[in-house]
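Scroll down for the structure; my scribbles are underneath it.
What you see below is based on every heavy atom in this structure, not just the backbone, and it leaves out hydrogens, waters and symmetry mates. In what follows, chains carry the letters A, B, and so on, assigned in the order in which the sequence lines appear, proteins first and then strands, with residues in each chain numbered from 1.
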Amino acid sequence: MGGDQGERTAVLPLAELPALVAAEEGAAEEGAAERPRWVWDDTRAWYPALLRAGVRVERCVDLRLCHAILRNSTLTAGTALATAAPGPWDTALDLLEEPAAGHTAHTALFELDQPEPPALDDRRDSRSELFAQEAAVAASTDPRRLRLLLAAESAGALIGVELQHAGLPYSADRHDDLLTELLGPRPTFGRPPVLEELARDVRARLDSPDLNPDSPPDVLKALQRAGVMATSTRSWELRKLEHPVIEPLLRYKKLSRLLTANGWTWLDAWVHDGRFRPDYVPGGVVTGRWATRGGGALQLPRQVRGAVVADPGWKLVVADAAQLEPRVLTGLSGDQAMAAAGRGKDLYEGIVASGAVDERAHAKVAMLGAMYGATTGESGRLMPRLTRAFPRAIRLVEDAARAGERGEKVTSRLGRSSPLPGPAWDAAQSAASASDSTAADERRARSQARDWGRFTRNFVVQASAAEWALCWMAELRNRLTALAPGTALTESPHLVYFLHDEVIVHTPADRADEVAAAVHASAAQAGRLLFGAFPVEFPVTAAIVDSYGEAK
DNA sequence: CACGGGTGCGCG
DNA sequence: AAAGCGCGCACCCGTG
């Protein structure tokens with residue numbers, strides 16, 4: 001429970017924890033005590049049971065997530081925590097989890113690797129870890145930013161568990177209707193009727209009665225036999241070709257994708273009692289973005305978003321940050337010209353108005369190219385114009401790319417650093433600089449260096465954008481709690497979805513306007529937290545709707 | 001039969 | 001190699 005003076009120690013049965021947490025949080029609610037910040041090894045291990053017991057936690061330190069940040073950050077380089085040999089806090093979460101009952105193969109593997117796995121508590125000492133982390137932050141080159149990052153990351157961990165607990169309101173009936181409309185009735189086995197008919201059509205038009213349309217190699221061969229000069233079966237490539245089979249084949253691929261990714265099987269597995277409950281993994285991506293495990297929540301196709309429906313008497317507030325990454329780049333680089341281009345309007349229109357490019361689509365493709373490292377094509381051609389108009393912003397991503405090419409780390413706004421390239425990368429660079437290096441060695445080394453440079457170029461922007469989004473969401477969470485203090489999570493406005501630069505709040509209809517206001521205020525606050533007084537704006541849209549499909 | 005790489009496509 | 005970043009997931013198919 002933190003490094004407070006006047007320490008109290010209590011050992012209690014697990015079953016009594018919810019009551020203790022509730023008492024401490026409740027005391028803070030009534031102003032009788034300081035708000036606790038719960039310190040634990042892993043939010044995903046502790047918080048779900050508390051929520052099930054009806055207990056919410058306002059603040060925490062997720063030691064596992066914070067450790068990962070501090071271990072690798074350039075701001076804490078040289079601290080004891082960063083230089084220590086790898087320990088239990090560096091072990092992947094999966095290896096520490098209890099193997100699920102019945103998964104004997106997993107158990108066997110586990111025992112093979114670690115004959116006598118010690119108990120969790122022996123391996124991870126949360127007290128000493130907390131002190132080590134506090135020392136590392138205090139000794140860092142920017143404690144303020146790191147503290148903010150660790151707080152935001154930990155808030156994200158709480159939110160991830162709360163999102164799963166609440167679930168995204170989801171109408172299985174609407175989803176089923178959509179599937180039936182597009183694919184025909186659900187078959188007990190084999191392809192749905194519409195897909196079967198399309199498969200028949202494709203086979204006929206290619207004169208290949210045995211063709212398996214799900215096998216790209218088969219399809220490619222059949223296309224070539226029919227005289228279609230395709231080199232792959234990717235949709236974007238097929239679309240450019242002329243042949244009577246192309247249209248039904250594309251339709252087959254699109255519907256087949258819907259069936260396999262979000263068909264009835266997905267519905268059965270992931271939607272229960274009117275809620276879609278994916279497993280969010282905060283910090284699951286190197287850049288600090290979230291990942292999901294199962295359910296594919298971050299790839300929910302636009303096609304099915306109409307099935308996300310508010311409960312009767314409730315609304316969804318669907319909020320989206322406009323042009324988040326270029327705006328984050330603006331703040332990172334302190335580019336006044338780009339800040340002006342984004343002030344009070346669509347950033348891409350602002351770039352057009354600045355005279356740098358002719359039309360919005362060009363502004364967008366040029367900005368994406370700058371942040372992703374495009375060298376050829378339209379995007380590459382637009383780069384010089386962008387560089388002339390916004391030299392500071394472009395220099396920032398170019399510098400990040402050069403650092404990556406040299407094999408160095410780069411660091412986000414709040415202090416998350418990129419990983420170093422692996423041994424294969426080092427070996428390739430060494431081979432190229434050896435006295436007996438071949439032209440092929442040098443080509444390979446240069447190519448890999450550029451690849452890594454594109455990664456680090458994008459890392460600074462994507463990681464900082466992820467930090468903005470965390471701050472936005474954490475701030476919003478606090479404001480939502482304040483709208484209805486003391487109520488259970490799902491009885492008052494609460495977050496139900498997060499998608500990189502987008503959130504959805506489920507709210508009683510009569511609070512929707514307040515929620516929308518909170519969404520805007522939180523975005524402004526996130527901008528100040530990351531970039532202080534620098535005048536970069538972060539406009540967000542907040543649509544009050546009954547269904548996700550109505551937004552945008 | 002299990003696995004893992006490759007392919008393709010959904011999202012930002 | 002779509003034009004470049006970050007992902008997850010389902011499927012095919014060759015390999016052991």
Side-chain angles (χ1 to χ4, degrees), chain A residues 105-106 109 191 212-220 230-240 249-250 252-263 265-266 269-270 278-305 320-326 328-329 362 364-383 386 397-398 400-401 404 410 412 416 418-419 447 450-466 468-469 497-503 548 552:
Chain A
H106 286 225
L109 267 179
R191 290 192 180 90
N212 173 10
D214 294 322
S215 166
D218 278 15
V219 171
L220 190 57
T231 57
S232 82
T233 65
R234 295 181 193 120
S235 294
W236 63 263
E237 187 174 338
L238 296 181
R239 232 176 306 255
K240 294 185 301 196
L249 181 55
L250 286 173
Y252 178 89
K253 286 165 72 76
K254 183 76 181 170
L255 290 175
S256 171
R257 166 79 193 186
L258 174 65
L259 175 70
T260 55
N262 297 98
T265 311
W266 175 87
W270 292 102
D279 200 359
Y280 292 96
V281 187
V285 176
V286 274
T287 57
R289 276 186 171 185
W290 289 17
T292 53
R293 196 154 52 189
L298 304 183
Q299 297 105 253
L300 196 69
R302 299 191 107 80
Q303 226 177 350
V304 308
R305 292 183 180 182
D320 177 296
Q323 306 103 34
L324 177 58
E325 292 198 344
V328 165
L329 173 56
H362 287 167
K364 183 172 179 174
V365 78
M367 277 309 305
L368 290 177
M371 293 184 299
Y372 292 164
T375 52
T376 62
E378 186 182 33
S379 182
R381 264 179 277 119
L382 290 165
M383 281 299 296
L386 210 59
V397 286
E398 290 294 330
V410 295
S412 71
R416 191 188 307 264
S418 62
S447 158
R450 295 231 169 97
D451 288 349
W452 198 259
R454 283 195 304 278
F455 165 62
T456 53
R457 168 197 296 267
N458 184 250
F459 182 96
V460 289
V461 178
Q462 190 181 116
S464 301
W468 182 92
Y497 192 59
F498 173 54
L499 184 52
H500 306 315
D501 59 358
E502 203 176 320
V503 298
Y548 191 12
K552 277 205 285 197

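- Among the nucleotides C:dC12, C:dC5, B:dG12, the one closest to any side-chain atom of A:Asn458 is C:dC5.
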### A:Thr233/A:Lys253 under side-chain contact (heavy atoms from CB on, under 4.5 Å): CA gap, chis, key distance, verdict
CA-CA 10 Å; A:Thr233 65; A:Lys253 286 165 72 76; 3.9 Å; yes
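- As rounded to whole Å, 13 Å separates atom P of B:dG12 from atom CG of A:Leu368.
- Remark: ring of A:Tyr372 not stacked against base of C:dA3; the cut-offs of centroid gap under 5.5 Å and plane tilt under 30° are not jointly satisfied.
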### Summary
For DNA chain C, the dot-bracket notation using Watson-Crick and G-U wobble pairs below 3.5 Å, [ ] for pseudoknot-type crossings and | for other-strand pairs, is ....||||||||||||
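- Within the structure, every side-chain polar atom (N or O) of A:Ser215 is placed at least 4.0 Å from both OP1 and OP2 of C:dC11.
- In this entry the distance linking CZ of A:Phe498 with P of C:dC7 reads 15 Å, nearest Å.
- Using a 4.0 Å cut-off, no side-chain N or O of A:Thr287 falls inside it from OP1 or OP2 of C:dC5.
- When the nucleotides B:dG10, C:dC11, B:dG8 are ranked by their closest atom to the side chain of A:Lys254, B:dG10 comes out on top.
- When distances run from any side-chain atom of A:Lys253 to the nucleotides C:dC12, B:dC11, B:dG8, the shortest one goes to B:dG8.
- Counting heavy atoms of neighbouring residues, nucleotides and ligands inside a 6.0 Å radius, atom CZ of A:Arg450 does not exceed 12 of them.
- Ranking B:dG12, C:dC13, B:dG8 by closeness to the A:Pro217 side chain, first place goes to C:dC13.
- When the P atom of C:dC5 is taken as reference, atom CG of A:Leu298 falls 20 Å away, rounded to whole Å.
- A:Arg257 comes within contact range of at least one nucleobase, with a heavy-atom separation under 4.0 Å.
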### Message
Working note: A:Val219 + A:Ser215, criterion side-chain contact (heavy atoms from CB on, under 4.5 Å); need CA distance, chi angles, decisive distance, verdict.
### Response
CA-CA 6 Å; A:Val219 171; A:Ser215 166; 5.7 Å; no
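- Using a 4.0 Å heavy-atom distance criterion, A:Gly284 is classed as making no nucleic acid contact.
- For the pair A:Leu250 CG and B:dG10 P, the computed distance is 11 Å after rounding to whole Å.
- For the pair A:Val285 and A:Gly373, both in contact range of DNA chain C, the more 5′-proximal nearest nucleotide belongs to A:Gly373.
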List the atom pairs, donor and acceptor, that lie under 3.5 Å between side-chain atoms in residues 458-466 of chain A and the rest of the protein, sequence neighbours left out.
{"residue": "A:Asn458", "atom": "OD1", "partner": "A:Gln462", "partner atom": "NE2", "Å": "3.1"}
{"residue": "A:Asn458", "atom": "ND2", "partner": "A:Met371", "partner atom": "O", "Å": "3.3"}
{"residue": "A:Gln462", "atom": "OE1", "partner": "A:Thr287", "partner atom": "OG1", "Å": "2.7"}
{"residue": "A:Ser464", "atom": "OG", "partner": "A:Arg413", "partner atom": "N", "Å": "3.0"}
{"residue": "A:Ser464", "atom": "OG", "partner": "A:Val460", "partner atom": "O", "Å": "2.6"}

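- In this structure, A:Arg381 places its CZ atom 13 Å from C1' of C:dA2, rounding to the nearest Å.
- Proximity of A:Gln323 to A:Met367: side-chain heavy atoms (C-beta onward) are nowhere separated by under 4.5 Å.
- As rounded to the nearest Å, C:dA1 and C:dC5 have C1' atoms that lie 15 Å from one another.
- Out of B:dG8, B:dC11, C:dG8, the shortest distance to the side chain of A:Thr292 is found at C:dG8.
- Closest to the side chain of A:Ala374, from the set C:dG4, C:dA3, C:dC7, is C:dG4.
- Counting to the nearest Å, the P atom of C:dA1 and the CZ atom of A:Arg234 are 7 Å from each other.
- Nearest-nucleotide positions on DNA chain C for A:Trp270 and A:Thr376 put A:Thr376 closer to the 5' end.
- Across the P atoms, C:dA2 and B:dT7 are found 12 Å apart, a figure rounded to whole Å.
- Nucleic acid contact for A:Leu300: sugar-phosphate only, since backbone atoms but no base atoms lie under 4.0 Å from a heavy atom of the residue.
- Backbone-only contact: A:Ser235 has heavy atoms under 4.0 Å from sugar-phosphate atoms and none from a base.
- Atom CG of A:Asp451 and atom P of C:dA3 are 16 Å apart (whole Å).
- Listed candidates were C:dG8, C:dG6, C:dC13. Nearest to the side chain of A:Ala291 is C:dG8.
- Summarising the geometry, the separation between CZ on A:Arg289 and P on C:dC5 is reported as 14 Å, rounded to the nearest angstrom.
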#### Entry: Test log, rule side-chain contact (heavy atoms from CB on, under 4.5 Å), inputs A:Leu258 and A:Val304
CA-CA 9 Å; A:Leu258 174 65; A:Val304 308; 3.8 Å; yes
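- At a threshold of 4.0 angstrom between heavy atoms, the contacts of A:Arg457 with the nucleic acid are absent.
- Using a 4.0 Å heavy-atom cutoff across all strands shown, A:Val286 reaches sugar-phosphate atoms only and no base atom.
- At least one side-chain heavy atom of A:Arg191 sits less than 4.5 Å from a side-chain heavy atom of A:Pro213.
- Contact annotation for A:Arg239: no contact, since no heavy-atom pair falls under 4.0 Å across all strands.
- A salt bridge between A:Arg289 and A:Glu325 is present, with a side-chain N of the basic residue lying under 4.0 Å from a carboxylate O of the acidic one.
- Looking at the side chain of A:Leu499, the nearest of the listed nucleotides B:dG12, C:dC12, B:dG8 is B:dG12.
- Taking the side chain as every heavy atom from C-beta outward, A:Pro282 and A:Phe498 never approach each other to under 4.5 Å.
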